[in-house]
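Accompanying notes for the structure given below.
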2 protein chains.
Amino acid sequence: MARKNSETGSARRGRPPAYDAETALKRATETFWRAGYSGTSLDKVAAATGMSPPSLYAVFGNKHALYLEALARYWEMSLAATREALAGDHPLDQALMLAYEAALSIYFSGKGHARGCFVVGTAVTEVAEDAAIRKSVATGLRAIDADFEARFRRAQDKGELKPDADPATLAILASATMHTIAIRARAGASRADLSAIARKAVKVICG
Amino acid sequence: MARKNSETGSARRGRPPAYDAETALKRATETFWRAGYSGTSLDKVAAATGMSPPSLYAVFGNKHALYLEALARYWEMSLAATREALAGDHPLDQALMLAYEAALSIYFSGKGHARGCFVVGTAVTEVAEDAAIRKSVATGLRAIDADFEARFRRAQDKGELKPDADPATLAILASATMHTIAIRARAGASRADLSAIARKAVKVICG
DNA sequence: TGATTTTTATAACGACCCATACAAATATAT
DNA sequence: ATATATTTGTATGGGTCGTTATAAAAATCA
C-alpha cells in the first residue's frame with residue numbers, strides 16, 4: 001500500500017504525495033472508533049484526514065478496505081500491548097494488571113468521552129453481516145485467549161498457580177474481564193472503577 | 001403508544017389500524033439486531049414490518065425513538081429471563097447455568113447466523129455518541145450486576161459460598177462471563193462451546 | 001347520507017451516501 | 001522543452017438516507 005522508493009535511490013516519477021498514509025489511517029481509525037463503521041461516512045473520514053475522497057480511494061481502495069486495515073492495525077497494536085504486559089517476569093497478578101492497565105490506556109485514549117475497545121465498540125456490530133470483519137474478530141479473540149492461556153501455563157509451571165487450576169479456563173475468565181471492561185468503558189464507567197474491577201477479578205482468577 | 005379502547009366499549013372512530021404495534025416492534029428489533037442502528041435504514045424496517053414509513057412514524061415517532069423502544073423492550077425481556085433463572089431455589093452453580101443458558105437461547109434465537117446480545121451487538125456502538133442509548137445501556141448493565149450480586153449474597157447467607165467471598169466481585173465476574181459469551185456468540189462461536197465456557201467459568205466463580 | 005376521525009399508501013423533499021470522471025498540479029525522464 | 005507518471009482537488013453521478021406533505025381509504029357519529 002505504501003510505495004517505498006528509498007531503497008532504489010531514484011526518486012519517484014509523478015507528483016509527490018501530500019499525505020502520509022500512516023497518519024491518515026490513524027485519523028480514519030479515530031473517526032470509525034467514535035461512530036462505528038456504518039455510522040461513519042467517507043466524507044467524515046475525508047474531513048478527519050484532510051484528504052479528498054479520490055485520494056482516500058487511491059490509497060486504501062474503498063471504505064470497507066480502509067476499515068479492515070484500521071481493524072488489522074488495531075489488533076496488532078492491542079495484541080502487542082497485551083503480550084508485552086504478559087511477557088515480563090512479574091508475578092502473575094501484576095502481569096495481568098499490567099495487561100488491563102495497558103488496555104485501559106487504549107480505551108481512555110483520545111479526547112472527550114472514553115471510546116472503549118475499537119473491536120468491541122465498532123467491529124462486533126458489523127460481524128453479523130460482514131464475513132471479513134467476522135474473521136478478523138474471531139481470529140483476534142482467539143489470539144488473546146491463547147496469550148492469556150500461555151501466561152497461565154507458565155505461571156503454573158513456576159508454581160504461581162495451583163496444580164489443579166485449568167489455564168484454558170482462567171484464560172477465558174481473563175478475556176472475559178477484558179471484554180467487560182471494554183464494554184463498560186464505552187458505556188461511561190470511570191477508569192478508576194474499571195481499574196478496581198480488574199484488580200478484584202485478578203484476585204479471584206489468581207486464586 | 002398503543003391506544004386501547006376495549007374498556008370503554010365504544011369502538012374507535014377512524015380507520016382501524018392494519019398493523020399491530022407489538023409485532024411491528026418485534027420485527028423492527030430483528031432488523032436492528034442484524035445490521036445495528038446505523039446500518040439499518042427505515043426502508044429496511046418498513047420492509048420487515050410491512051408498514052409504510054408514515055405508519056411507522058405515526059406509531060413510533062422516528063427511527064431513534066423506535067430503536068430506543070426496541071432497546072427498552074430487550075432489556076425488559078433479557079433482565080426478566082436472568083431474574084427468573086436466579087430466583088428459584090436451585091443450587092448456586094445451577095442457577096448461574098440457568099441464567100447463561102437462558103441468555104444463549106436469546107443469542108441463538110432467530111434464523112441463520114447467531115446474533116448474540118442485542119445490547120452488545122447494536123447499542124454499544126452507538127453509546128459513544130448517543131446519550132439516550134448510553135443511559136439505557138449503563139442502567140441495564142448495573143441492573144444485571146445487581147441481580148447477580150443479590151444472588152451471591154443470598155448464596156453466602158445460605159452457606160453456599162465461602163464467608164470471605166465478595167458478592168460484588170463475583171457479580172462482576174458473572175457479568176463478565178455473560179459479556180464474553182455475548183461477544184463470542186455474535187463472532188461465530190458455537191452454542192456448545194459457549195455452554196462449555198459458561199460451565200467452566202461457573203466452577204471458578206463458585207469456588 | 002354526510003361530517004368527522006384516524007390510518008393508510010404514494011410520492012417526493014433536501015441531505016447525504018459511496019464512488020468516480022476529469023483536468024490541473026507537480027514530480028522525473030528524455 | 002517535451003513527454004511521461006503520479007497525486008491532487010473539484011465537481012458530480014446515481015442511489016439511498018430520514019422524514020413529511022398529501023390525499024385516498026375506512027371506520028364511527030350525527
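By convention in this document, chain letters (A, B, ...) are assigned in the order of the sequence lines, proteins followed by strands, and residues within each chain are numbered from 1. The shown structure was predicted, so the numbers you read here are calculated from the model rather than taken from an experiment.
B:Phe60 places its CZ atom 13 Å from the P atom of C:dT7, with the value rounded to the nearest Å. To the nearest angstrom, C1' of D:dG18 lies 17 Å from OH of B:Tyr67. Nucleotide C:dC17 holds its P atom 14 Å from the CG atom of A:Leu56, rounded to whole Å. Atoms NE2 (B:His64) and C1' (D:dT19) sit 15 Å apart, rounded to a whole Å. As rounded to whole Å, 19 Å separates atom P of C:dA15 from atom CG of B:Leu42. Atom NZ of B:Lys63 and atom P of D:dT19 are 8 Å apart (whole Å). When the P atom of C:dA9 is taken as reference, atom CE of B:Met51 falls 8 Å away, rounded to whole Å. Protein atom OH of B:Tyr19 is 15 Å distant from nucleotide atom C1' of C:dT6, rounded to whole Å.
Looking at heavy-atom distances under 4.0 Å, A:Pro54 makes contact with a base. Heavy atoms of B:Ser52 sit under 4.0 angstrom from at least one base atom. Counting any heavy atom pair closer than 4.0 Å across all strands shown, B:Pro16 reaches sugar-phosphate atoms only and no base atom.
Relative to the side chain of B:Tyr57, the nucleotides C:dT20, D:dT20, C:dA27 differ in distance, and D:dT20 lies closest. Residue B:Ala18 places its side chain closer to C:dT8 than to any other of C:dT20, C:dT8, D:dT8.
Between B:Glu101 and B:Arg191 a salt bridge is recorded (basic side-chain N to carboxylate O distance below 4.0 Å). Using a 4.0 Å cut-off between charged nitrogen and carboxylate oxygen, B:Glu160 and B:Arg151 count as a salt-bridge pair.
The side chain of B:Ser55 contributes no N or O atom lying less than 4.0 Å from OP1 or OP2 of C:dT7.
A:Tyr74 and A:Phe118 have tilted rings, their planes meeting at an angle from 30° to 60° on a 0 to 90° scale.
Geometrically, A:Lys63 engages A:Tyr37 in a cation-pi contact defined by less than 6.0 Å to the ring centre and at most 45° from the axis.
One side chain, B:Arg115 or B:Ser109, offers a donor N or O that lies under 3.5 Å from an acceptor on the other.
Place B:Ser38 and B:Arg15 on DNA chain D by their nearest nucleotides, and B:Ser38 ends up nearer the 5' end.
Between the side chain of A:Arg13 and the base of D:dT4, at least one donor-acceptor pair of N or O atoms lies under 3.5 Å.
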